[in-house]
Amino acid sequence: MAWTRICRADEVPENSVRKFNVSGIQILVVNYGQGFRAVPPVCPHMEEPLEESGIVARCVLTCSKHLWSWNLETLELQGETERPLKTYQLKQEAGVLLANIEQELVYEFETEIGDQSDDDFFK
Amino acid sequence: MKITIQSKAGETAFDCGENEIILHSGLGSGLTLPYECASGTCGTCRARVKLGTVEVQWREAPGYLHLKPDKGDILMCQSRPRSDCFLQVLSQVKIFEKFRPQVRHGTIENLRRLTKDLAHFMVRLSSPMSFEAGQFVLVETDGLSGGRAYSMVNFASETDRIDLLLKRKPNGGFSEWLFAQERVGANLRIFGPLGRAAFRPEEDRDIVCIGGGSGIAGMMSILERAAQVDYFLRHRGEMFFGFRTLDDCVYLSQLARYSALAHGNLDITIVLSDEPAKTRVHVQYPMLKLASGLVHDVAVRCSGLVQDSCLTFVAGPPIMVDCAIRALIVAGVNAGSIRYDKFS
């Protein structure tokens with residue numbers, strides 16, 4: 001699909017998240033003030049819908065369900081968080097956010113835990 | 001039966017009897033298996049069965065909503081082994097030494113109804129137990145399967161007595177059973193201690209507690225622990241306890257006592273959700289402040305401590321806990337400084 005329009009940047013207020021359907025793929029846009037991130041719409045922990053459970057404050061996205069959190073600038077895992085956030089490459093042109101969508105990003109318990117030979121989970 | 005756990009930290013194994021719950025047996029063996037409620041609601045203790053079979057005790061447990069049973073996902077808190085098992089768990093599973101949970105028998109003593117839907121009861125244990133302030137136990141009785149989680153209200157080391165606070169729930173099996181008739185002398189099965197929302201004085205931080213309804217239970221234990229070590233000589237504390245009306249409040253005299261012992265460093269506010277606070281302080285216990293509104297709103301608005309350096313405890317119904325967590329994070333508290341317990 002390559003670079004695809006998600007939304008206008010001003011459709012997602014600062015320190016908030018909003019979910020968009022981009023050609024059948026659900027993408028959550030996160031505005032953390034200093035920039036934007038485009039991520040899958042669920043928490044990688046228990047697949048909680050981040051549209052409801054995601055809180056953005058001070059450059060950190062936190063899922064309120066079990067307090068997993070990530071620095072949105074560096075994507076560094078905070079505190080007890082055990083899995084990284086997957087992100088779509090994102091750019092802004094003329095007030096429009098575009099994501100580079102090769103394929104839908106998903107968190108797969110099965111592939112991550114099932115096949116250790118090809119597994120970043122156990123590393 | 002041999003249960004092997006494969007986690008991010010490698011493989012580890014423990015023995016589990018066929019009548020034992022896998023989660024309980026693993027925690028009792030000292031493994032840091034993931035869990036929160038330990039009673040089927042939250043889904044945190046999910047694992048994937050790669051080899052072996054398990055028997056599921058409560059198939060309708062709300063925690064199953066998060067799982068993919070067709071891929072072999074189970075809740076360890078609801079499963080007993082039917083063979084040796086090889087399980088995968090998505091977290092770091094290590095060994096811990098302190099206060100491993102175990103099964104004890106208990107006898108109900110001193111059941112007191114405090115309000116129309118809260119009762120305080122004391123359980124005499126078959127052998128002494130140590131626990132951290134803020135922890136809970138699972139309570140089971142014959143004929144009612146599945147444990148209900150209750151936080152300890154008291155605090156003591158190596159104690160054979162625990163005090164628990166029970167909220168009466170319509171159709172809540174155990175609470176209906178306990179409220180139904182005179183239960184002093186009845187036998188219980190107690191598994192614990194459990195829970196990571198614990199207060200440890202050595203962490204040396206100012207604390208804020210936000211409790212809704214029976215969520216006050218574990219916070220009473222925190223206050224007792226703090227009083228025993230004179231914690232508020234050098235730290236500040238703020239407690240916000242939410243109740244519907246003044247008639248629904250519990251433990252007011254104890255709260256007043258803790259406040260009096262705290263060198264002026266402990267503020268306790270009772271927040272009423274269903275009636276206005278007619279005075280700024282409680283008429284009978286003037287050291288307790290009164291406010292009206294939602295407990296987490298009042299806490300975040302009135303607290304002088306809610307900030308990054310304080311340690312915050314939240315306990316109560318899930319929706320109240322979620323709202324409180326959201327308000328705290330927006331107010332600048334870091335997720336790592338929040339400890340919570342959801343009572344459902």
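Numbered from 1 within each chain, the chains take letters A, B, ... in sequence-line order.
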Segment of Gln92(B) engaging chain A (4.5 angstrom heavy-atom cut-off):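 Both backbone and side chain.
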Neighbour count >12 (heavy atoms, 6.0 Å) for atom [atom1], [X]:
{"X": "Lys91(A)", "atom1": "NZ", "result": "yes"}
{"X": "Leu75(A)", "atom1": "CG", "result": "yes"}
{"X": "Gln103(A)", "atom1": "CD", "result": "no"}

Which atoms of Thr62(A) are under 4.5 Å from chain B, going by heavy atoms: the side chain, the backbone, both sets, or neither?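 The side chain, not the backbone.
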Pick one of side chain, backbone, both or neither for Ser53(A), based on which atoms fall under 4.5 Å of a heavy atom in chain B.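 Contact with chain B involves the backbone of Ser53(A) alone.
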Can you tell me which of Asn15(A), Ile55(A), Thr81(A), Val60(A) forms the most heavy-atom pairs within a distance under 4.5 Å of chain B?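 Highest number of heavy-atom pairs under 4.5 Å: Ile55(A).
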Choice from Ser64(A), Gly79(A), Ser69(A) maximising heavy atom contacts with chain B below 4.5 Å: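 Option with the top pair count is Ser64(A).
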Taking C-beta and beyond as the side chain, do Glu82(A) and Leu90(B) meet within less than 4.5 Å on heavy atoms?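 Glu82(A) does not reach Leu90(B) side chain to side chain.
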Validation row: Ile329(B), Leu67(A) side chains within 4.5 angstrom (heavy atoms):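 Side-chain contact under 4.5 Å: yes.
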Nearest 0.5 Å, please: how far is CD in Glu36(B) from NE2 in His66(A)?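 Answer for the NE2-CD pair, His66(A) versus Glu36(B), is 4.0 Å.
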Rounded to the nearest 0.5 Å, what's the gap from OG on Ser91(B) to CD on Glu80(A)? Could you check?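 Interatomic distance, Ser91(B) OG to Glu80(A) CD, rounded to 0.5 Å: 10.5 Å.
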Partner set under side chain to side chain contact (heavy atoms under 4.5 Å, CB included) for Ala99(A), not counting sequence neighbours: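 Partners of Ala99(A) by the side chain to side chain contact (heavy atoms under 4.5 Å, CB included) criterion, ordered by chain and then number, come out as Ile6(A), Tyr88(A), Leu90(A), Ile101(A).
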Measure from the side-chain N and O atoms of Arg58(A) to the backbone N and O of Gly332(B), and report whether any donor-acceptor pair falls under 3.5 Å.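 The answer is yes, because a donor-acceptor pair under 3.5 Å joins these two groups.
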Without swapping roles, check the side chain of Tyr340(B) against the backbone of Lys65(A) for a donor-acceptor pair under 3.5 Å.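 Here the side-chain-to-backbone pair exists.
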Looking only at heavy atoms, which two atoms of His45(A) and Arg46(B) are closest? And how far apart?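 Heavy-atom minimum between the residues: O-NH2, 2.6 Å.
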Using a strict threshold of under 4.0 Å (side-chain N to carboxylate O), is an ion pair present between Lys68(B) and Glu47(A)?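 Salt bridge present between Glu47(A) and Lys68(B).
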